[in-house]
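A short write-up of the structure that comes next.
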Amino acid sequence: MSADLFKDIVSHSKEYGFIFQSSEIYDGLSGVYDYGSYGVELKNNIKAYWWKAMVQNHENIVGLDSAIMMHPLIWKASGHVDAFNDPLVDSKASQKRYRADVMIEEALEKIMAKADKEIEKARKRFGDAFDENKYKTENPRVAEYIQQYNTINQKFVDAMGKGDMPALKAVIEELEIADPVSGSREWTDVRQFNLMFHTQLGNIAGEEGKLYLRPETAQGIFVNFLNVQKTTRQKLPFGIAQIGKAFRNEIIARQFIFRMREFEQMEMQYFVQPGTEMEWYNYWKETRMKWHRALGTPESKLRFHDHENLAHYANAAVDVQFDFPFGFKELEGVHSRTDFDLRSHQELSGKKLQYFDPETNESYVPYVVETSVGLDRMFLALLSNAYTEENVPDADGKDSTRIVLKFHPALAPVKCAILPLLKNNDDLTGLARKIFDDLKFNFLCQYDEKDAIGRRYRRQDAIGTPYCVTIDHQSLEDQTVTIRERDTLKQERIHMSKIREIVADGIDFRHLFA
RNA sequence: GCGGGAGUAGCUCAGGGGUAGAGCAUUAGCUUCCCAAGCUAAGGGCCGUGGGUUCGAUUCCCAUCUCCCGCUCCA
């Protein structure tokens, strides 16, 4: 059921120009998608809503658009170079996947644990006379454990240092590591997965010119922290917001635009006085949830999910999850990032990244609370939530189905369709054209005279247009038109001079901030 | 990446060893004053791609690419 719904949404996205597979005529490019003409409108509207909520409505949050390409040392400082080069290995028996380095470390710890156990036993036996160092070298069993640990650990460290995957596999075999699920010792080759895409600067490929495409926008904010703070004269706490592309070489990109290799983030880093970070963490957690709920998304489809395993930089982390057709998944992350990033950059660059607090008269590295929404995920969440198949009465009053995208009017790609009731009447089409030419300066409108009026309404429903204005014979006499509301199908006859006001009010972002 | 399923018109799909169909959609014309209307006509597919078997492959076999489901990962 939900799998079918998901397929329907994917088909609808293509058929109505929201999302296309990248490079489709060349068989596509895995995990990359293009946004079609209505898709880009929706996406731009989501960005506008976020930017208004974050930058425009907070005097102490300012924008930034940092470059995708950055100095490679930034990714060294951020931990991405070291922390996201995972060697992975699969069990052939159970097909379970494991981190090779984690598995080896665990096996090595077990060996050390055996040695420690022997030592503890001996300590109890010999009491005060026990000489641990002597025992370690002279007891054959303990000495062997330690010897084994040292030699294998050395091989492990060497292999990791060189990125030698076959050597890692050899270590796994030497340690006789078995898959905990199947008990099998049959492993695939160890493979390296690099999270970041490489590219190079200049014409000559070499270590010096090696660059990464950013895997998150946040670092562009951190390295500009002082530039922005000084030029905008901000005092703590204050935030820097950025919307931009990021790239991750995902092991497996799946579920349509949910996990893509090229994607877009809407991030805000909020710089706070150390010690106040949890206060702000809670503030942003609630504030961001309100932002999502304001769009009319049912409460049952949004929830918090606390992180149990924290990333290397965080001391608290929570996801805002949305109930996608394939289950509850992360939509946005709110993270307390401590001073990890700024401190790392300060150390590696040798430049001070500190804030001078005039109140306490001291300088310190601020703590950071991050909010990070996946723009593409937001798009998919809105699309999933908006997609509705429902029965409505047809011309004879019988049931017919329609597919309608019930976007919040402020986010809908096209705001208003202008429809002359008949195509073969110059007076009707002429007046409709005049209305269209006037309204098009205010918002995205569509003029459509093709096909029966009912079909045109359905076409607009399929792309989520909130208002349809129809020009009929009465319009020629008294300058009134009918305006149809997408969700209720209700029509109201209004004077044509009122159209702009009604549509403008309906699509006003203001309603999202009530 | 592993296992399973799928790829035929823009969309949803049928078919089948002898170079392809339906419905909807699209375009044009006529008709029609309000929720997928009717009539007429047109355009659009080397049946995902490459190889093999065969006199002949879109159909059978192999490989590959892409998508879906599960496992796994997710700053």
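Protein chains get the first letters and strands the later ones, always in sequence-line order, with residue 1 at the start of each.
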Base, sugar-phosphate, or nothing: which does [X] touch, judged by heavy atoms less than 4.0 Å apart?
X: Gln255(A); answer: sugar-phosphate
X: Thr482(A); answer: base
X: Phe20(A); answer: nothing
X: Asp461(A); answer: nothing
X: Leu422(A); answer: base
X: Gly31(A); answer: sugar-phosphate

Which whole number of Å gives the distance between the [atom1] atom of [N] and that of [M]?
N: U19(B); M: C46(B); atom1: C1'; result: 9 Å
N: C68(B); M: U8(B); atom1: P; result: 15 Å
N: C71(B); M: G15(B); atom1: P; result: 32 Å
N: G7(B); M: A36(B); atom1: C1'; result: 29 Å
N: G48(B); M: G70(B); atom1: C1'; result: 24 Å
N: G44(B); M: A20(B); atom1: P; result: 14 Å
N: G23(B); M: A9(B); atom1: C1'; result: 12 Å
N: C73(B); M: G5(B); atom1: C1'; result: 23 Å

Under 3.5 Å donor-acceptor, Arg456(A) side chain and Asp451(A) backbone
yes

What's the closest nucleotide to the [X] side chain, out of [options]?
X: His473(A); options: C35(B), C68(B), C33(B); result: C33(B)
X: Arg377(A); options: C74(B), A28(B), U66(B); result: C74(B)
X: Pro215(A); options: U26(B), C69(B), A75(B); result: A75(B)
X: Gln21(A); options: C34(B), C67(B), C33(B); result: C67(B)
X: Ile453(A); options: C68(B), U32(B), C34(B); result: C34(B)
X: Asp451(A); options: C33(B), C74(B), U26(B); result: U26(B)
X: Phe6(A); options: C35(B), U32(B), C69(B); result: C69(B)
X: Arg259(A); options: U31(B), C73(B), C34(B); result: C73(B)

Counting only side-chain N and O atoms of [X], is one of them less than 4.0 Å from OP1 or OP2 of [N]?
X: Ser11(A); N: U12(B); result: yes
X: Lys14(A); N: C11(B); result: yes
X: Arg458(A); N: C24(B); result: no
X: Arg455(A); N: A36(B); result: no
X: Ser30(A); N: C65(B); result: no
X: Gln474(A); N: C33(B); result: no

On RNA chain B, check which nucleotide each of Ala452(A) and Gly333(A) is closest to and give me the residue with the more 5' one.
Ala452(A)

On RNA chain B, compare the nucleotides closest to Arg337(A) and Arg402(A); which residue's is nearer the 5' end?
Arg402(A)

Can you check the [X] [atom1] to [N] [atom2] distance for me, whole Å?
X: Glu330(A); N: A75(B); atom1: CD; atom2: C1'; result: 9 Å
X: Asp472(A); N: U32(B); atom1: CG; atom2: C1'; result: 14 Å
X: Asp319(A); N: A75(B); atom1: CG; atom2: C1'; result: 10 Å
X: Asp376(A); N: C74(B); atom1: CG; atom2: C1'; result: 15 Å
X: Asp487(A); N: C35(B); atom1: CG; atom2: C1'; result: 15 Å
X: Glu390(A); N: A36(B); atom1: CD; atom2: P; result: 13 Å
X: Phe263(A); N: A75(B); atom1: CZ; atom2: P; result: 11 Å
X: Glu15(A); N: A36(B); atom1: CD; atom2: C1'; result: 13 Å

Give a yes/no verdict on a cation-pi contact between [X] and [Y], requiring under 6.0 Å between NZ or CZ and the six-membered ring centre and an angle within 45° of the axis.
X: Arg486(A); Y: Tyr467(A); result: no
X: Arg433(A); Y: Tyr447(A); result: yes
X: Arg288(A); Y: Trp284(A); result: no
X: Arg303(A); Y: Phe328(A); result: yes
X: Arg484(A); Y: Tyr457(A); result: yes

In dot-bracket form, how is RNA chain B paired, counting a Watson-Crick or G-U wobble pair only if both its distances are under 3.5 Å and using | for bases paired to another strand?
(((((((..((((....[..)))).(((((.......))))).....(((((..]....))))))))))))....

Does Lys440(A) have more than 12 heavy atoms from other residues, nucleotides or ligands lying within 6.0 Å of its NZ?
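Correct, the count exceeds 12.
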
Heavy-atom neighbours of Met69(A) CE exceed 12 at 6.0 Å:
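Open.
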
Could you tell me whether [X] and [Y] make a salt bridge, using a distance below 4.0 angstrom between a side-chain N and a carboxylate O?
X: Arg337(A); Y: Glu216(A); value: yes
X: Glu24(A); Y: Lys14(A); value: yes
X: Lys245(A); Y: Glu262(A); value: yes

For the base of C35(B), is there a side-chain donor-acceptor partner from Arg484(A) under 3.5 Å away?
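Donor-acceptor pair under 3.5 Å: yes.
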
